Amino acid sequence: QVQLVESGGGSVQARGSLRLSCLGYVYTYSRYCMGWFRQASGKEREGVAGIKVGLGNVGLGYTYYTDSAKGRFTISRDNAKNTLYLQMDSLKPEDTGMYYCAARPAYCGSSWYIKDGYAYWGQGTQVTVSS
């Protein structure tokens, strides 16, 4: 069982920055895909960024981003601290939403952004960006 706990959300003005953290142990000798998702009010949960985690992964540390996140967000993981990060810069009002981290014991690949493929989820942390 993987337990994930997010933190770091808050309120910020447009063009500001936030760093989200997700504490959670995954068996790093295996192969995991971890990701950040967000859900705006009244909308579907959508992928933001993903990363290959675990020694079983070819291309360990390879990252994925949606077009809206490219160049502004950076996903990373510190295995020693069992923590996944999402550095968010140049934030926009449309980035507002609840942010969730997720993990699945499988290959990332082109399906990394599909939420139904993830077995483990955190409780979420709210990000609000004002104009």
Side-chain angles (χ1 to χ4, degrees):
Q1 183 74 13
V2 175
Q3 292 185 320
L4 304 171
V5 180
E6 302 96 334
S7 61
S11 297
V12 64
Q13 289 192 324
R15 295 179 296 280
S17 297
L18 282 173
R19 188 176 80 157
L20 306 183
S21 299
C22 173
L23 177 64
Y25 173 80
V26 296
Y27 185 57
T28 53
Y29 289 95
S30 184
R31 177 174 62 191
Y32 271 84
C33 182
M34 298 190 76
W36 286 98
F37 291 74
R38 71 180 173 208
Q39 187 167 17
S41 179
K43 294 188 176 182
E44 290 287 318
R45 192 172 299 186
E46 61 178 2
V48 175
I51 187 170
K52 291 185 178 181
V53 174
L55 296 177
N57 254 317
V58 175
L60 175 65
Y62 189 85
T63 56
Y64 305 82
Y65 298 95
T66 55
D67 287 343
S68 64
K70 284 179 184 176
R72 299 190 300 126
F73 294 2
T74 303
I75 187 171
S76 62
R77 178 168 168 84
D78 185 333
N79 286 331
K81 296 182 178 179
N82 294 318
T83 302
L84 181 74
Y85 299 101
L86 184 68
Q87 176 67 42
M88 303 187 296
D89 299 317
S90 302
L91 282 161
K92 304 175 182 180
E94 51 264 43
D95 294 319
T96 294
M98 187 72 80
Y99 282 70
Y100 300 88
C101 71
R104 68 185 193 193
Y107 182 66
C108 267
S110 59
S111 65
W112 70 268
Y113 63 93
I114 299 176
K115 66 182 189 304
D116 294 339
Y118 287 80
Y120 307 107
W121 292 86
Q123 83 289 349
T125 186
Q126 178 67 35
V127 172
T128 303
V129 184
S130 58
S131 58

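Keep in mind that what you see is a predicted model, and the values were worked out from it rather than measured.
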For this session: Provide the closest heavy-atom pair for P93 versus S130 in the form atom of the first, atom of the second, distance.
Result: CG-C, 4.4 Å

Exercise. So among T128, L18, V127, T96, which one has a side chain to side chain contact (heavy atoms under 4.5 Å, CB included) with S11?
Worked result: T128

For this session: Please report the shortest heavy-atom distance between I75 and G50, naming the atom on each side.
Result: CG2-O, 3.5 Å

Exercise. Quick one: does I51's side chain get under 4.5 Å of Y32's, heavy atoms only?
Worked result: no

Exercise. Taking atom CG of L23 and atom CD of E6, what is their separation to the nearest 0.5 Å?
Worked result: 10.5 Å

Problem set entry | V48 versus A69, closest heavy-atom pair with distance | O-CB, 3.7 Å

Exercise. Is the CD atom of Q3 crowded by more than 12 outside heavy atoms at less than 6.0 Å?
Worked result: no

Exercise. Any ion pair linking K70 and D67 (charged N to carboxylate O, less than 4.0 Å)?
Worked result: yes

Exercise. Roughly how far, to the nearest 0.5 Å, is the CZ atom of R19 from the OG atom of S7?
Worked result: 9.0 Å

Exercise. For Q13, does the CD atom sit with more than 12 other heavy atoms under 6.0 Å from it, leaving out its own atoms?
Worked result: no

Problem set entry | Y120 side chain reached by V26 side chain, heavy atoms, under 4.5 Å | no

For this session: Could you check Q39, K115, R38 and say which one makes a side chain to side chain donor-acceptor pair (under 3.5 Å) with E46?
Result: R38

Problem set entry | R72 and D95, any side-chain heavy atoms less than 4.5 Å apart | yes

Exercise. Are Y85 and V2 joined in one hydrophobic group, where the rule is that I, L, V, M, F, W and Y side chains link up if heavy atoms are under 4.5 Å apart?
Worked result: no

Exercise. Rounded to the nearest 0.5 Å, how far does OG of S111 lie from OH of Y118?
Worked result: 7.0 Å

Exercise. Do M34 and L4 have side-chain heavy atoms sitting under 4.5 Å apart?
Worked result: yes

Exercise. Can you find a heavy atom in the side chain of T66 that is under 4.5 Å from one in the side chain of F73?
Worked result: no

Exercise. Is any side-chain heavy atom of K52 closer than 4.5 Å to a side-chain heavy atom of Y64?
Worked result: yes

For this session: Determine yes or no for a side-chain-to-main-chain donor-acceptor pair under 3.5 angstrom, with R77 supplying the side chain and K81 the backbone.
Result: no

For this session: Look at the rings of Y100 and W121 and say which category their plane angle falls in: under 30° parallel, 30 to 60° tilted, over 60° perpendicular.
Result: perpendicular

Exercise. With side chains defined as the heavy atoms from C-beta onward, is the minimum distance between Y65 and T74 less than 4.5 Å?
Worked result: yes

